[in-house]
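Down below is the structure, laid out as C-alpha cells.
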Amino acid sequence: MLIQSLVFRCLSTRKNRLVIEFPRRLLFASFRFVSSFTAHVATEETNPSLKIPLFKEKTKLEGTKRLKLYSKILHDCASKGSLSSAKAVHGKIIKKGIDPDLHLWNSLVNAYAKRGVFGYACKVLDRMPERDVVSWAALFSGLVNEGYGYDVLDLYCSMKKDGVLPNGHCLVTALKACSLSLDLFFGTLLHGEGVKVGVLLDVFVGSSLVDLYAKCGQMELAERVFLFMDKKNVVSWNALLNGYALKGDAGKILNLFQGMTESELRCSKFTLSNVLKSCTYLVNLTWGLIAHSLVIKTGCEHDEFVGCCLLDMYSKCGLAEDTLKVFKRIQEPNIVAWSAMIDCLDEQGQIQEAAELFSLMRCKGVSPNQHTFASIAGVAANLGDRLYCEGVHACIFKHGFESEIILSNALIAMYMKIRSVQNGWQVFKEMNSWNSASWNSLLSGSHNGKTCDRGPSIFHKMLAEGFKPDICTFASILRSCSNLLNIKFGHQVHAHIIKNGLKDNNLVGTSLIDLYAKNGFLADAELLFTQLIERDLFSWTALIAGYAQSDCSEKAIKCFNHMQRQGVTPNNFTLATCLSSCSNMAMLENGQLLHSMAIKAGNSGDVFVSSSIVDMYANCGCIEEAEAAFQGMVSTDTVSWNTMLFGYLQHRQGLKVLETFRMMLDKGLEPDEVTFIAVLSACSYMGFVNEGKEYFDSLTNVFGIVPTIKHCACMIDILGRAGKFNEVESFIKDMKVTSNPLIWETVLGACRMHGNDKLGESAAEKLFELNPGIASHYILLANIFAAKGRWEDVRRVRALMTHCGVKKEPGCSWVMVNGQVHIFRSTDGFHPKHGEIYIKLKELVEKSILAGYVPKTDHILNDVSDDEKLEQLFHHNERLALAFALISINPVKTIRIFKNLHICEDCHDFMKLVSGVIKQDIVVRDANCFHHFKSGICSCQDYC
C-alpha cells in the first residue's frame, strides 16, 4: 500500500484537470482489482472460446519456463496495447497461486503502466516483495508518457529512499519528466547522479540532458553537454536544434544543420521542419534548397507539415512558382497548406491567382478556417472589387465566423482599403467587443483621400473608450495628420507618443519625420532622424521625400548619397523621389546615375520609377532620351503617357503631343483631366483653334470629364493667342469663370502678345482685386504699357507694386558643371571666374554683332540711356551662364542652361546667333518651355 498511497498523494496535489481524475480511477481500480481478475478467469472457464490462444498448448509447463512464458505474453500485451489479455494473464497467476519472480513482477507493472492503468500498476508494485530499478523505471515511463512529470520526480525521490540506484534508462525517463515540468534544479541533480553512476556517456542520457537544458533556455549548458557527448544521434541533434528554435536563433540552427549534414546522420522530418522555418525567417534560399533536397531524399516530401514548411520557405523567398510546385505535390493538402499557398500568392502580388485558388479550395470541399478568411479578405482588398469583398463577407457569415474579432478586424481593413468606409463602419458597430486592432483597422481608412479628416476624431474616440494606442495606432494617425497637413494635431499626437514611451520606436519615428517634413518643418524632421536608434530605408526615404517636396533638391540628393554609403539599398519609391529631385533641379548627371542604378537593381520595370526617368530626361532637356525611356517601358499607364505628353509639350513638339495622344487612345487607355491639359496646351501654341475647340468639347461629350478651371484657361489661351478676344470674353461669360485669377492671368498674357492694352488693363485690374500679391501680374501690365510707350503708366504700375509690398522674384540662371550647380544673376560679379566670364561674354557679343545681332533695347523698361540699356542687356544672367559653360565644358557637349523666369526676346535672339557662330547646341529651359538652339534656329519657332 505504500507505493499506491504515495501515487495518490502525488497525483492529488496536481491542479491539472486530467490529473485530478486519476486518483478517482486509481481508487475505484483498487476495489475492483481482485474481482476483475476473478471475472476474467471465470469467463475463460465457462466459455472456452474466449481463452487466449497462447495458453492452449502450454498448460503443462512448469516452473521457470511458465514464468518466462507469462513474462513474454505480458511484454506482447504492453507493446500491442492488449489490456484485457494482460488482465487474463494476471488472473491466471493469481488463480494458480504462482509465485512470480522479479522479471514477471516487472512485466506486470510495465504492462499496466504502458496502458495508463496506474491503479493496477501501483497495486502490483506495492505487493512486490522486492523492487529493482526496472520496476520503478516501468512506472516512471508510463507516467511520463501521459505527461505527469512532477509525479515522476516525487516517485524518483521515493525510489532513492528505497535504496535503489538509477540506471541509464531510469535517468532518461526522469530527465524527460524534468523537461516536461521545466524543473531545471532537479534536472541538474539528475545530471550529477548520472556522473556518479557513470552513465553520462550514454547517448540517450546525453540527449535527454541536452533536451532538458534546451527547453529550460540554458543553451550554453545544452551545447556543452552536446559537445561532450562521444556519440551523437538524431535525437541529440534535434534536441539542440529545438532549443535554438525556441530561442528564435535561426542563424544558429543553420550552423548546426551544416554540422549535422557533415556528420552524415539521416535527418528526421522534425529536423528538416526546424531548418526550413529558420531558412524562412532568414530568407536563406541556399540552405532552403539543401533542406528541400534532403526532404526528397528522406521521403518526407508528401508529409503535410514538412510540405507547409516548404511552402512558407519558398513564399518568403519570393518564389511563387516553386511554392506552387511544392503545393501540387502534396497529395491531400489540408487547410493549412491551402491557406499558406493563398498567402504566398497574395504576398507576391498574384492577387487574381490567390482568389482563384480560394475558389478551387472550396470546390475541393475543403472548409476555410479563420486564417484562410483573414487571408482572402486581404486578397479581396487588393483586388479592389467591391462585389467580391461583399461576397467574402457573406461567406464568413455563412460559415459562422461573424463574431470572430480577428475576422471582423480584417473585414474593416478590407472595406477601408477599397474606400467603402460606410461598410467598414457598419462592421465596426456590429462587433460585440473591440480591441486595439479594431481601432487600427478603422484608422487605416483615414490615411488619404476624402476620409483623412476622420482620423483625429477616431483617435479621440479610441482614447475616450479607454484603449491605449499602440505603434500601429500612432503610425496611422500620424499618416492622417501628414496628409491633412495638420501639424497642430500632429504635435498633440507627438506628446502622446512621448508619454507612452514610444518615441524610440523606428516606425513611429519614421512617421513623425514624414509628418514634420511634409509640413515644411525640415529642422525638426532632421532632429528626429538623428535621434533614431536604427535608420532603415523608410526613415531615409521619408527625409529624402521631405527635402524633395520642399524644393531642397540638392539636399535630397546628398541625403540619398549618404544613405547609400550607409549600405541601405533604395526601393522604387526612393528612386522615384530622387529622380523627381533631379528633374526639379535639372541634375542630368545625377539623374543618369539613378537611371543606371534602377536598371542594375531591377527597378526600371516599375511603372512609377520608369515614369520618373522619362520626366527626369524631359526636364533636363533630353527629349530624345525621354522618348527612348518611354518606348522601353515594360508596362505603361495613364500617368506615364501623361508624362511623355508633357515632355513633348515642354519641348514645343506639339505635333508629337497630338500624335502620342492618338496612340494612347488606340491602345485603349482612358485619358484623364491632366491628359487634356497637355493636348489643349499643344493646340494653343501651335495655333490649332478648331482642333482645340473639338478637343475641349470631347471632354464632356466623349470622355465624360467635367472641364476644370485649367481646361477653361487652356481654351482661353487658344483663343487669345489667335487674337480672338471677342470669343475670349464670350467664353468667360458662358463658362462663368470670371472670379478665377488663372483665367485673367491667361487673358493678360494674350493681351501682352497682341498689344491689347485696353483688355490687358481690365484683366490686370481683376487680378489686382483677386490676387494682389503676384509680381508677374504687375510686370506683364508694365510690359504692355512699355510696348505702347506709356511710360507714365509704367511708373504708376511700379508705384502700385511698391505700395502693395510686392517684390519681383530675382531672376537667375544655373548651369551644372562637373556635378556642381553654378548659379548666376544679372551683372553678377561674385563668381570666382567672373573675370574670365566677362571676357568670354564680350567675345561672344562681338561675334554675334558681326553675324547680324541687333540688341533690342526697347525691352528694357527702365527709363535710362541707351548705353546703360545695352550694358544691362549684355549682362543678363543666362548670358553669364553661357559664357561660364563655354570656358568650362568640352566643346562637343551640349550646353544646358536653366532659368527661373521667362527668357527675354533679346536674349532669345542672342542665343540663336551664338549657337550658329560657335557651332554648338544650346538648350535653355525657362519658366515656359525648353528652347533648343541649333545652327541659328530655335525649336520654339521664335515663340518665346
Side-chain angles (χ1 to χ4, degrees), residues 649 652 677 680-687 689 692 696 707-809 811 856 858-862 899-905 908 926-929 940 942-944:
L649 183 67
R652 288 297 184 255
I677 293 171
L680 292 170
S681 298
C683 291
S684 173
Y685 77 78
M686 291 182 68
V689 178
F696 185 84
T708 66
I709 205 71
K710 289 185 178 180
H711 296 129
C712 293
C714 288
M715 195 62 229
I716 290 167
D717 197 43
I718 291 171
L719 297 170
R721 288 182 185 279
K724 298 179 180 291
F725 290 106
N726 291 331
E727 289 188 45
V728 167
E729 293 184 82
S730 299
F731 182 85
I732 292 171
K733 288 176 183 176
D734 292 342
M735 296 300 292
K736 299 177 182 179
V737 288
T738 55
S739 60
N740 193 281
L742 180 61
I743 299 299
W744 296 111
E745 187 177 319
T746 309
V747 172
L748 186 61
C751 291
R752 178 190 175 278
M753 180 181 295
H754 292 282
N756 189 336
D757 54 338
K758 184 179 178 182
L759 182 58
E761 190 170 3
S762 176
E765 286 174 1
K766 287 278 188 182
L767 286 168
F768 297 156
E769 290 175 13
L770 294 169
N771 202 347
I774 306 298
S776 59
H777 301 159
Y778 298 90
I779 295 165
L780 278 172
L781 182 60
N783 286 343
I784 292 171
F785 288 150
K788 292 288 185 178
R790 295 169 58 178
W791 294 108
E792 190 60 38
D793 289 322
V794 170
R795 283 189 282 272
R796 179 175 58 81
V797 172
R798 285 184 173 177
L800 179 62
M801 189 174 175
T802 306
H803 176 73
C804 294
V806 180
K807 293 182 179 180
K808 179 185 174 183
E809 181 185 0
K856 295 178 180 179
D858 54 322
H859 289 287
I860 301 296
L861 300 184
N862 298 322
K899 185 174 174 62
N900 66 332
L901 302 176
H902 294 287
I903 188 171
C904 73
E905 190 176 337
H908 187 269
D926 66 3
N928 192 28
C929 68
C940 75
D942 294 339
Y943 176 60
C944 58

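At a threshold of 4.5 Å between non-hydrogen side-chain atoms, the residues Ile677 and Cys714 count as touching. Inter-residue side-chain proximity for Phe731 and Val728 is flagged as unmet; no heavy-atom pair is nearer than 4.5 Å.
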Working note: Val737 + Leu742, criterion side-chain contact (heavy atoms from CB on, under 4.5 Å); need CA distance, chi angles, decisive distance, verdict.
CA-CA 9 Å; Val737 288; Leu742 180 61; over 6 Å; no

Could you walk me through whether Lys899 and Asn928 satisfy the side-chain contact (heavy atoms from CB on, under 4.5 Å) test, starting with their C-alpha distance in whole Å, then the side-chain angles of each, then the deciding distance to 0.1 Å, before giving a yes or no? CA-CA 10 Å; Lys899 185 174 174 62; Asn928 192 28; over 6 Å; no

Practice task
Applying side-chain contact (heavy atoms from CB on, under 4.5 Å), run through Asp717 and Ser681 and close with a yes or a no.
Solution key: CA-CA 8 Å; Asp717 197 43; Ser681 298; over 6 Å; no

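Residues in residues 732-759 take part in these ring-ring contact (aromatic ring centres under 6.0 Å, His included) pairs, two or more places apart or across chains: Phe725-His754.
With sequence neighbours excluded, the residues forming a ring pair (Phe, Tyr, Trp, His ring centres under 6.0 Å) with Tyr778 are Phe768, listed by chain and number. Judged as a side chain to side chain donor-acceptor pair (under 3.5 Å), and not counting sequence neighbours, Ser762 has no contacts. With sequence neighbours excluded, the residues forming a side-chain contact (heavy atoms from CB on, under 4.5 Å) with Glu729 are Asn726, Leu759, listed by chain and number. Annotation: side chain to side chain donor-acceptor pair (under 3.5 Å) contacts of Asn900 (sequence neighbours excluded): Glu809. Residues that satisfy the salt bridge (Lys or Arg N to Asp or Glu O under 4.0 Å) test with Asp757, not counting sequence neighbours, are Arg790. In this structure, Lys710 has no salt bridge (Lys or Arg N to Asp or Glu O under 4.0 Å) partners at least two apart in sequence or on a different chain. With sequence neighbours excluded, no residue forms a side chain to side chain donor-acceptor pair (under 3.5 Å) with Lys766.
When all heavy atoms of Leu770 and Asn740 are compared, the closest pair comes out as CD1-C, 4.0 Å. Closest non-hydrogen pair, Ala764 versus Leu781, comes out as CB-CD2, 3.6 Å. The shortest heavy-atom contact between Ala763 and Val747 is CB-CG1, 3.9 Å. Here the closest heavy-atom approach between residue Ile732 and residue Thr738 is recorded as CG2-CG2, 3.5 Å.
One finds no salt bridge joining Lys788 and Glu761 here, because no Lys/Arg side-chain nitrogen approaches an Asp/Glu carboxylate oxygen to under 4.0 Å.
Distance CZ/Phe785 to CZ/Arg795: 13.0 Å, rounded to 0.5 Å. One finds the CE atom of Met715 at 8.5 Å from the SG atom of Cys683 (value rounded to the nearest 0.5 Å). The structure places NE2 of His777 at 6.0 Å from CG of Asn771, a figure rounded to the nearest 0.5 Å. Atom CD1 of Ile718 is separated from atom OG1 of Thr746 by 11.0 Å, given to the nearest 0.5 angstrom. Rounding to the nearest 0.5 angstrom, the gap separating the CG atom in Leu780 from the CD1 atom in Ile774 is 11.5 Å. Rounded to the nearest 0.5 Å, atoms CD (Glu745) and CD1 (Ile743) are 10.0 Å apart.
Between the side chain of Ser684 and the backbone N or O of Leu680, no donor-acceptor pair lies under 3.5 Å.
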